[in-house]
J.: 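Here it is, the structure in full.
We count ligands from 1, going down the list as the structure has it; atoms in each ligand are counted the same way. Side chains included, hydrogens not; waters and symmetry mates left out as well; all remaining heavy atoms used.
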Amino acid sequence: MEELLANRYQVQKLIGKGSFGSVYAAIDLKTKKKLAIKVESVSVSPSPIEKEILVLKKLNGQEGFPKLYSYGTYQEHNYIVMQRLGKSLSQIFKDFSHHFTIAEVAYLGWQMVKRIENLHSMEFVHRDIKPSQFLVKGKNLYLVDFGSCKSFIYASSFHIPMTEDIGFIGTHMFASRNAHFKMQLSRRDDLESMCYSLAYLLRGDLPWMESDSSKNTEAKIGFRKINYSTLALFENFPEEFSQVLTYIKGLNFYYCPDYIFITNMFKNLLEKYNNNSIRLFKKPKTTCETCSLKTYKHTDIKKHHEKVRRNTQKAENCICLTEESSSLPEFKNRQQVSDKIEANASEILIVKTQKRISEIIKDQEEGCNIF
Ligand SMILES: Nc1ncnc2c1ncn2[C@@H]1O[C@H](COP(=O)(O)OP(=O)(O)OP(=O)(O)O)[C@@H](O)[C@H]1O
């Protein structure tokens with residue numbers, strides 16, 4: 001990948017890799033805007049990027065979808081220049097040690113339905129809904145990756161027919177049951193995958209995934225998914241989640257889902273559970289396992305350790321080692337200083353005692369009296 005694309009976009013670093021392409025952070029030298037550039041080889045056919053351009057153009061930067069700035073072909077690669085967004089839900093879920101509250105998942109459900117409804121209103125089905133396709137920026141959730149999209153309307157007003165044997169489309173873990181049957185997918189399937197994404201964010205796993213990856217073939221996962229009951233999937237969680245999935249599972253291939261019904265279910269849940277406790281859009285404080293500071297705000301652990309190292313050096317070089325010391329204005333963590341003093345003091349005591357004992361033994365050997 002060249003560092004300067006189309007004489008305007010300065011490519012900075014790789015931020016994500018998908019099955020077909022790579023996504024780079026970049027900067028527009030003209031406007032100074034922070035951008036993301038998705039790149040894929042021209043040899044990929046049919047080209048997911050071409051489909052993505054078509055969908056992004058139609059979405060036209062609506063709330064919750066990345067803005068499209070430019071696209072083209074450059075040195076055997078197709079590329080899209082778009083708005084740069086933040087972390088994906090799967091990355092944030094990891095940052096929160098795979099634990100979201102019910103209010104957080106209900107909030108995400110509410111936002112996800114809005115995005116999916118919006119995409120459907122443009123006559124596209126996404127066909128690969130999963131947590132990593134939702135990116136956060138500011139207080140908004142964005143839906144990305146439109147390479148698997150399909151228009152479900154043809155000749156201006158006809159719904160595509162329900163055909164079979166179209167091949168598997170999507171991601172095994174989150175795909176709808178119809179996807180495992182290789183059936184043509186419609187609006188209901190995006191919503192089914194959304195429910196599996198929410199189940200994953202509530203539970204931290206999905207029951208059809210085995211730890212032994214050889215057991216996770218498309219057919220085996222499909223079989224387990226079909227036989228797993230909706231109630232069992234959301235056992236121990238508010239019934240609204242299973243009610244939504246039961247409703248979606250009952251939808252006809254051609255049917256326009258009742259998005260308001262689904263949205264209201266999540267809104268009700270938000271009212272029941274404390275919706276002030278949503279942490280998703282704040283930077284998490286994480287427990288650091290490798291050093292003495294309990295929490296850190298830096299998302300970059302290297303930066304965090306560098307700071308701890310600098311602070312520790314200051315403590316070691318300090319002359320006045322008392323907790324109240326005013327000679328350490330820049331050293332914020334006084335507790336750490338006092339812990340260090342205690343550790344140093346007991347070490348000195350041990351050395352002194354050992355020295356004294358060896359002196360006593362020496363004196364005894366030389367026949368001195370000890371009082
Ligand atoms: N606009 C963006 N801003 C910031 N990061 C992005 C953006 N678009 C995508 N990414 C990051 O790049 C990763 C890969 O992007 P994307 O999913 O679009 O690629 P893909 O090749 O279509 O992936 P796959 O086929 O595996 O779903 C995403 O998970 C996300 O972390």
J.: Please check if the distance between the ring centroids of His159 and Phe253 is under 6.0 Å.
T.: yes

J.: Anything under 30° is parallel, anything over 60° is perpendicular, the rest tilted; go ahead and classify Phe266 against Phe241.
T.: tilted

J.: Taking the six-membered ring where the residue is Trp, are the ring centres of Trp208 and Tyr196 under 6.0 Å apart?
T.: yes

J.: So does Glu218 pair up with Lys182, basic N to acidic O under 4.0 Å?
T.: yes

J.: Residue by residue, ordered by chain and number, which ones reach under 4.0 Å of ligand 1 with a heavy atom?
T.: Ile15, Gly16, Gly18, Ser19, Phe20, Gly21, Val23, Ala36, Lys38, Met82, Gln83, Arg84, Leu85, Asp128, Lys130, Ser132, Gln133, Leu135, Asp145

J.: Check Lys38 with Asp145, please: is the shortest side-chain N to carboxylate O separation under 4.0 Å?
T.: yes

J.: If the test is salt bridge (Lys or Arg N to Asp or Glu O under 4.0 Å), which one of Arg8, Lys33, Lys67 qualifies with Asp28?
T.: Arg8

